[in-house]
Colleague: 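Quick one: the structure is below, questions incoming.
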Amino acid sequence: MSHCVAARCFEHATDHGDRLALSVAGLQVSYAELTTLAARIGMWLESAAERPPERVGILASRSLAAYAGILGAWWCGASYVPLNPKLPATRLLKIQEITGLDALVVDAAGLQLVLENPLIAAPARVLAPCDRVNESVRAGPREMRIAGCNELPALTAPHPPKSVRADDSAYIMFTSGSTGVPKGVVVTAGNVAHFLAAIEERFSFRPTDRFSQLFELNFDLSVADMANAWSVGASLHVVPATQLIAPARFLQEHELTVWFSVPSTAVMMGRMRLLRPGAFPSLRYSLFCGEPLPLSTVEQWRQAAPQSIIENLYGPTEATIFCLGERVTWPPNVTPNRGTIAIGKPLRGTNAAVIDSARRALGPGQPGELALSGGQVAQGYFADPGTTRARFPLIDGETWYLTGDLAYRDDAGVFHHLGRIDNQVKVLGNRVELEEVEAHLREVCGCDSVCAVAWPVQHGSASGIVAFLSGVQLASQAVREAMRERLPSYMVPTEVRILDDLPHGVTGKVDRTALVQLLERGGACRSG
Ligand code: AMP
């Protein structure tokens, strides 16, 4: 059987077209309906283009247009670039500038953004597949036309998706970049196929399963939900934005059988007392990924979903979604002194090693940087050969991805996560390079004395960022507002503190540890 998600969808549509494929924004969409729309979008993307489209932007979120757009891009052999309409326009423009998209698929929110800021679409062709728009918009010196669903080509015969090669790109996912510019991880069709092969071996997903979709499309864990559900002919249930804070009721009403979230979501649900014993009887699998999984949360979740298998999954975007996993047993395998679940063993097809700074493999019990190789390791960063070479070096003739995670392997071959060796942090499950926040702070404040720290941090995951500045005349509120214009909301400092001087270490660098200690002591400084 093919390991291409679009091809699998087409097979399910042919065999069981009336089965539910997608529940989104109040719509129940069958495999026949979803694949017909995807095929028509694919045909539109190919039509009137000088060459087959390579990269299609998806300026849409939690809507039929978003999911049909992704499948439509895959239908015509293109890759997709998720563009969350909630991102500031400057960031969307940056990603558009880096990737040079061939076309853009938009939903109502995306359409609004393009109308307000036509340059986001330049020079892409724009399709609003679920709207009857027929707009002409002036974008700089040229006229831009937005095609609506009335312009989608009709489907007169079954139209299977184009077959793709293993090294064709499937999606480009932008993550925070330490140079101040987001970096695009290029994941190929072959990477996704390896992921699906590993999944098939590990989990017994079936057509009757009902998968959650909590993640935004610009977080690569969203790909797991789509790929896992649609590869077995199951249904994907997209949680509306308004229910993301407390998705317990959605889980119950949709009788979900497979749950996948960052641990922060479960922690929040625990705090809101939503993890009552027996609350989620429908769940068969409870999957967590993206940040350390606290033992205390697992204990509560186990009570709430007593029938479900719980897994702690680990992986960076650069190694396609996740590639290590620990199936929680009782008593659980806990990383000593951290109160979090071990990250487990590599999935089929992935090799993991702990290495030292000279890139030599370390033995059991020795902490070092976690490195990954195998079929899920991505091609690198889009149009950034320097960073790609640095992060994806050849070691003994094989390409490895250096994760920047500090880890060790125990005597049983189980890996344990100990934090980071750099300044990458997780804020409510979202990946953030503190240097990127600082680069923007410098521009906004017009001064170099800036530092960002993750705060407060519990079990290795932060719930916010505090910015420290010195020699700045701007009010804290003005700084936050300016940052909001540039960065996703989770990267905007929750607090801005102004000090007379920033503390420096022996190397002359700003001493982040001293700033964290200041916050721990509740230290005095000007704050806004
Ligand atoms: P992302 O590329 O956004 O998926 O973030 C990848 C990073 O998230 C990894 O390099 C780790 O630092 C962190 N991470 C992912 N999964 C886990 C996990 N199960 N436990 C601890 N950290 C994790």
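First listed ligand is number 1; within each ligand, the first listed atom is number 1.
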Colleague: Is any side-chain heavy atom of Arg409 closer than 4.5 Å to one of His416?
Modeller: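 No, side chains not in contact.
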
Colleague: Donor-acceptor pairs under 3.5 Å, side chain of residues 341-356 to any protein atom, not counting sequence neighbours: which ones?
Modeller:
from   : atom 1 : to     : atom 2 : distance (Å)
Lys345 : NZ     : Ala412 : O      : 3.4
Asn351 : ND2    : Ser373 : OG     : 3.4
Asp356 : OD1    : Ala358 : N      : 2.9
Asp356 : OD1    : Arg359 : N      : 3.1
Asp356 : OD1    : Arg360 : N      : 2.8
Asp356 : OD2    : Arg360 : NE     : 3.1
Asp356 : OD2    : Arg360 : NH2    : 3.1

Colleague: Got a list of side-chain donor-acceptor pairs under 3.5 Å for residues 289-298, not counting sequence neighbours?
Modeller:
from   : atom 1 : to     : atom 2 : distance (Å)
Glu291 : OE1    : Ser264 : OG     : 3.2
Glu291 : OE1    : Gly429 : N      : 3.3
Glu291 : OE1    : Ser461 : OG     : 2.2
Glu291 : OE2    : Ser264 : N      : 2.7
Glu291 : OE2    : Ser264 : OG     : 2.7

Colleague: Enumerate, one pair per line, all nitrogen or oxygen atoms of ligand 1 lying under 3.5 Å from a protein nitrogen or oxygen, stating the separation to 0.1 Å; write 'none' if no such pair exists.
Modeller:
from     : atom 1 : to     : atom 2 : distance (Å)
ligand 1 : 2 (O)  : Thr317 : N      : 2.9
ligand 1 : 2 (O)  : Thr317 : OG1    : 2.6
ligand 1 : 2 (O)  : Arg431 : NH1    : 2.6
ligand 1 : 3 (O)  : Lys426 : NZ     : 3.1
ligand 1 : 4 (O)  : Gly315 : O      : 3.4
ligand 1 : 5 (O)  : Lys426 : NZ     : 2.9
ligand 1 : 8 (O)  : Gly290 : O      : 3.3
ligand 1 : 8 (O)  : Lys426 : NZ     : 3.3
ligand 1 : 10 (O) : Asp405 : OD2    : 2.5
ligand 1 : 10 (O) : Arg420 : NH1    : 3.3
ligand 1 : 12 (O) : Asp405 : OD1    : 2.6
ligand 1 : 12 (O) : Asp405 : OD2    : 3.4
ligand 1 : 14 (N) : Gly290 : O      : 3.4
ligand 1 : 16 (N) : Gly290 : N      : 3.1
ligand 1 : 19 (N) : Asn312 : OD1    : 3.0
ligand 1 : 19 (N) : Leu313 : O      : 2.8
ligand 1 : 20 (N) : Glu291 : O      : 3.3

Colleague: Could you tell me whether Arg480 and Glu495 have a side-chain N and a carboxylate O separated by less than 4.0 Å?
Modeller: no

Colleague: Residues in side chain to side chain contact (heavy atoms under 4.5 Å, CB included) with Gln307, at least two apart?
Modeller: none

Colleague: Please assess Ser286 against Ser308 for the test side chain to side chain donor-acceptor pair (under 3.5 Å), listing each intermediate value before the final yes or no.
Modeller: CA-CA 6 Å; Ser286 302; Ser308 84; 2.7 Å; yes

